[in-house]
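As a basis for the values below, the full set of heavy atoms in this structure was taken, side chains included, without hydrogen atoms, waters or symmetry mates. Residue numbers count from 1 along this sequence.
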Amino acid sequence: PHFMFNTLNAIYALIKLGDQEQGKKVVSKLASFLRYSLNGDHDCLVSLSQELDALTLYLDIEKVRFGDRLTVKTDIEPSASLCLVPSFILQPLVENAIKYAVVEQESGGTIFITAIVRKEQLILKVRDDGPGAHLVNGKLPTPSGIGLCNTQQRLKTLFDQQHTFALENLAPHGLQIAMTLPYQKRQ
């Protein structure tokens with residue numbers, strides 16, 4: 001809901017400022033993002049490249065709100081892009097990075113998304129250059145939102161003990177979320 005309201009407010013602001021072309025682009029991206037989210041089965045597996053396409057729609061919309069304050073960098077191995085992942089597994093992690101790293105810093109922030117394949121495992125990481133978080137044994141002691149909890153629960157339901165999910169503060173600052181999933185691809 002927050003994303004929806006923020007996007008609608010951004011569209012309203014663009015229209016009010018007379019930037020109808022940008023407003024049309026955002027409406028188009030929002031429609032594509034919603035189509036993807038409503039047509040998909042959230043328990044199904046999609047290729048990482050499909051997941052990244054949906055994430056790009058989300059990030060393009062967020063970049064309208066944050067402009068140069070939001071930078072996203074990716075480093076995805078070609079073999080990793082074929083791996084099957086749960087749909088919308090990255091969006092809540094990136095949304096948290098925006099909320100706690102980009103929004104909190106006057107100059108904004110950078111989100112890094114990496115994916116590699118090692119020993120039949122997909123290693124997927126989302127990190128930011130924000131202030132980090134208070135962690136106890138690699139976990140938030142009192143999770144304040146549902147995004148990370150839902151993500152962890154989905155991974156447990158889909159992969160049982162065949163996955164890992166860990167949070168880590170980085171030096172000198174930043175937070176990294178790393179997960180490993182079994183390497184699977186469509187036959």
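Cluster membership for Leu135 and Leu148, using ILVMFWY side-chain heavy atoms within less than 4.5 angstrom, is shared. The cluster map of Ile, Leu, Val, Met, Phe, Trp and Tyr, joined by side-chain heavy atoms under 4.5 Å apart, puts Ile11 and Leu34 in the same cluster. Follow the hydrophobic side-chain contacts under 4.5 Å out from Ile89 and you never reach Ile123; the two are in separate clusters. Residues Val46 and Val117 share a hydrophobic cluster, clusters being chains of Ile/Leu/Val/Met/Phe/Trp/Tyr side chains in contact below 4.5 Å. Phe5 and Leu59 fall into different hydrophobic clusters, where Ile, Leu, Val, Met, Phe, Trp and Tyr are joined by side-chain heavy atoms under 4.5 Å apart, directly or via other members.
No option in Ile116, Leu82, Thr114 other than Ile116 meets the side-chain contact (heavy atoms from CB on, under 4.5 Å) test with Glu77. Considering Leu57, Val27, Thr56 in turn, Leu57 is the only one that fulfils the side-chain contact (heavy atoms from CB on, under 4.5 Å) rule with Ser32.
Between the side chain of Tyr183 and the backbone N or O of Leu84, no donor-acceptor pair lies under 3.5 Å. Here the side chain of Glu51 pairs a donor or acceptor atom with the backbone of Phe88 at under 3.5 angstrom. Panel note: side chain Asp128, backbone Gly130; a donor-acceptor pair is recorded below 3.5 Å. Asn169 places no side-chain N or O within 3.5 Å of a backbone atom of Gly132 that could act as its donor or acceptor partner. In this structure a side-chain-to-backbone donor-acceptor pair under 3.5 Å is missing from His173 to Leu170. A donor-acceptor pair is defined here as one N or O able to donate and one able to accept, closer than 3.5 Å; such a pair exists between the side chain of Gln105 and the backbone of Ala101. Counting only distance, with no hydrogens or angles, the side chain of Arg69 and the backbone of Glu106 share a donor-acceptor pair below 3.5 Å.
Aromatic rings from Phe159 and Phe165 are positioned such that their centres are separated by 6.0 Å or more.
More than 12 non-hydrogen atoms from other residues, nucleotides or ligands lie less than 6.0 angstrom from NZ of Lys63.
What you find for Thr71 and Asp68 is that their closest heavy atoms are OG1-O, 4.1 Å. Taking all atoms of both residues into account, the shortest heavy-atom contact from Leu45 to Pro86 is CD2-N, 3.6 Å. The minimum heavy-atom distance between Gly109 and Asp129, with the atom names listed, is CA-OD1, 3.4 Å. Scanning all heavy atoms of the two residues, the minimum distance from Ala10 to Val64 falls at CB-CG1, 4.3 Å. Here the closest heavy-atom approach between residue Gln176 and residue Arg127 is recorded as OE1-CD, 3.6 Å.
Atom CD of Gln121 and atom OG1 of Thr164 lie 7.5 Å apart (nearest 0.5 Å).
In this structure, Tyr58 and Phe33 have tilted ring planes: the angle between them lies in the 30° to 60° band.
Looking at Leu90 and Thr151, their side chains never come closer than 4.5 Å, going by heavy atoms from C-beta outward.
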